[in-house]
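To start, the structure under review is shown below, and the notes come after it.
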Amino acid sequence: MIFTLILLILVWTLPINGVPIYEQRSQSQLLKFIAAIIVVLGHQIIFYCSNVSQLLQAETGLGHLCVAFFLFMSGYGLLYGYLKNKNLSSHWLRKRILKLIIPALTAMTFYLFVKVYSGQTIDWTKITKYWFILNDNLPYGWYVSEIICLYIVFYVCYRWVNREYALTILTGSIILAMFVMGFLQMPIWYIQGLPCFIMGLFLARHNIKHQIKKSSRQYTRIMMTLLVVTYCILKHFAIIQHIIPELNRWRYMYATFFIVPPLFVIIIAYILMRLPICNKMLNRGGGYFYEIYLVQGGTLLICRNLIAEDWLFVLIGLIVTIVIAKGINMINNKIISFFKKE
């Protein structure tokens, strides 16, 4: 409920009129940085801490929504960059895949080192066969494999399909993949963020073709308030089920898994388009939210082994994750720069 209150405060204090997301580079980096921190905090509370209240678990359990936001921003950035520059060479794909794979490999190396230090056994056959795709080799590495697949499908559609139909075919391919993964009973986190990637694509196309209309009316804030309240109700649907027993059916809860992420992304996108300049907080060069997401498996493992007190673990774990991520980000930049010269 605290997070919902923060959203409502932002909706009513930020300006009614916003600017396109492509003009909010530093603001988007800041929000992605915060989202990565929320992901780590949620994983700490839910998977590593035992003596915490259900309310705190509910408040910090936003990881899947933050990942949906990452996917939304990826879809937006991909299509906006293409429509603006009309450049989609093989170098384009290589450059972006490198920025995904190199951090994943360095994070995997770090995690495996921590596992050895912690006395855990390593199956080297799985490492050479699955690399960072397998959770045993890199916790939460599924996101890397999914975003790489999305980049490749995007490249294929906009490189070899008629531009007029590329977005339709790309959207259809993603929806088809969602149904296939559902049929194969793959984990739900592979599926529930994909609609937000599609939302990012369509918003990018809209921003290229149309200007944002200015409005001074309060109905915009009222509409967003209703969305925030709806998000809160669906996010905490277990509470609603106790109040209304008729809704105590798995199908209703399952439906909320796919409704909440788009609602969350709409609200965050609205806020992003109205945030003030924050260059002093994160420079325009990029941020290291990706590394924060990737290294958490190793940093939280070693911190949990060394720190028994839950609250101290949460605090130290967050700090260590941020510091290690920054260091690995610097290493990644040097490696990527080396490959660019090749």
Side-chain angles (χ1 to χ4, degrees), residues 3 6-7 10 14 18-44 60-81 96 99-104 106-107 140-144 146-148 150-151 189 192-201 203-204 207 261-297 299 318-319 321-330 332-333 336:
F3 184 73
I6 294 173
L7 293 178
L10 290 172
L14 291 174
V19 298
I21 289 179
Y22 60 78
E23 295 183 14
Q24 299 283 79
R25 174 70 181 275
S26 61
Q27 291 89 331
S28 65
Q29 295 295 342
L30 174 62
L31 283 189
K32 285 187 281 189
F33 179 86
I34 294 173
I37 296 299
I38 292 175
V39 170
V40 177
L41 179 61
H43 288 160
Q44 285 180 292
T60 57
L62 302 172
H64 64 294
L65 302 179
C66 293
V67 171
F69 174 65
F70 293 151
L71 290 170
F72 167 79
M73 292 301 298
S74 294
Y76 183 93
L78 281 176
L79 189 54
Y80 176 79
R96 280 155 181 80
K99 289 184 177 180
L100 294 172
I101 290 181
I102 297 300
T106 54
Y140 320 113
W142 67 268
Y143 171 77
V144 182
E146 179 163 284
I147 200 69
I148 288 175
L150 289 171
Y151 275 38
W189 51 81
Q192 62 185 156
L194 289 176
C196 299
F197 182 85
I198 297 173
M199 290 167 59
L201 296 172
L203 180 61
N207 283 171
L263 276 178
F264 176 82
V265 165
I266 291 171
I267 296 166
I268 299 302
Y270 173 89
I271 292 171
L272 171 58
M273 295 164 68
R274 288 154 179 84
L275 281 179
I277 296 174
C278 51
N279 289 344
K280 292 182 180 179
M281 303 184 72
L282 283 178
N283 62 56
R284 295 178 65 86
Y288 47 101
F289 62 90
Y290 185 47
E291 280 83 0
I292 290 175
Y293 178 87
L294 291 176
V295 305
Q296 61 175 307
T299 56
L318 276 177
I319 295 173
T321 299
I322 294 172
V323 172
I324 295 295
K326 179 60 178 178
I328 290 183
N329 172 257
M330 296 170 65
N332 291 336
N333 289 337
I336 292 171

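Nothing here was measured: the structure is a model prediction, and the numbers come from that model. The residues of the chain are indexed from 1 along the displayed sequence.
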Worksheet item: Out of curiosity, Ile38 CD1 to Leu318 CG, how far, rounded to the nearest 0.5 Å?
Response: 11.0 Å
Discussion item. Can you tell me if Trp142 has over 12 outside heavy atoms packed within less than 6.0 Å of its CH2?
Written reply: yes
Worksheet entry | Heavy-atom side-chain proximity of Phe197 to Ser74 below 4.5 angstrom | yes
Discussion item. Among Thr321, Asn332, Ile322, Thr106, which residue satisfies the side-chain contact (heavy atoms from CB on, under 4.5 Å) criterion with Glu291?
Written reply: Asn332
Item to complete: Fit a plane to each ring of Tyr293 and Phe70, take the angle between them on a 0 to 90° scale, and name the class: parallel (under 30°), tilted (30 to 60°) or perpendicular (over 60°).
Response: perpendicular
Discussion item. Please determine whether side chain to side chain contact (heavy atoms under 4.5 Å, CB included) holds for the pair Leu194 and Leu150, giving the CA-CA distance in whole Å, both sets of side-chain angles, and the decisive distance to 0.1 Å.
Written reply: CA-CA 9 Å; Leu194 289 176; Leu150 289 171; 3.9 Å; yes
Discussion item. So Phe3 and Leu65, do their side chains get closer than 4.5 Å, heavy atoms only?
Written reply: no
Fill in: Close side-chain approach of Lys99 and Tyr290, heavy atoms under 4.5 Å
no
Worksheet item: Is Phe72 close to Phe264 at the side-chain level, that is, under 4.5 Å between some pair of heavy atoms?
Response: no
Worksheet item: Between Ile328 and Leu294, is any pair of side-chain heavy atoms under 4.5 Å apart?
Response: no
Worksheet item: Hey, does Met73 have a side-chain heavy atom less than 4.5 Å from the side chain of Ile21?
Response: yes
Worksheet, complete the sentence: Closest non-hydrogen contact found for Leu100 with Val144 is O-CG1, 4.0 Å
Fill in: Point-to-point distance, once rounded to the nearest 0.5 Å, from CG of Leu272 to CG of Leu30
9.5 Å
Discussion item. What I want to check is whether the side chains of Tyr76 and Asn207 have a donor and an acceptor closer together than 3.5 Å.
Written reply: yes
Worksheet item: Would you call Leu14 and Pro276 a side-chain contact if the rule is heavy atoms closer than 4.5 Å?
Response: yes
Worksheet item: Which distance, rounded to the nearest 0.5 Å, do you find between the OH of Tyr143 and the CD1 of Ile148?
Response: 10.5 Å
Worksheet item: Between Val40 and Thr299, is any pair of side-chain heavy atoms under 4.5 Å apart?
Response: no
Worksheet item: Looking at Ala35 and Cys66, what are the two nearest heavy atoms and their distance?
Response: O-SG, 3.6 Å
Practice prompt. Determine whether the side chains of Gln192 and His64 contain a donor N or O and an acceptor N or O closer than 3.5 Å.
Written response: no
Practice prompt. Report the distance from atom CD1 of Ile198 to atom CG of Leu79, rounding to the nearest 0.5 Å.
Written response: 12.5 Å
Worksheet, complete the sentence: Separation between CD (Gln24) and CG (Leu31), nearest 0.5 Å, reads 9.5 Å
Worksheet item: Can you name the closest pair of heavy atoms from Lys326 and Tyr288 and give their distance?
Response: CD-CE2, 3.6 Å
Worksheet item: Atom OG in Ser28, atom CZ in Phe69: separation rounded to 0.5 Å?
Response: 7.0 Å
Worksheet item: Of all heavy-atom pairs between Ala68 and Pro261, which one has the smallest distance, and what is that distance?
Response: CB-CB, 4.0 Å
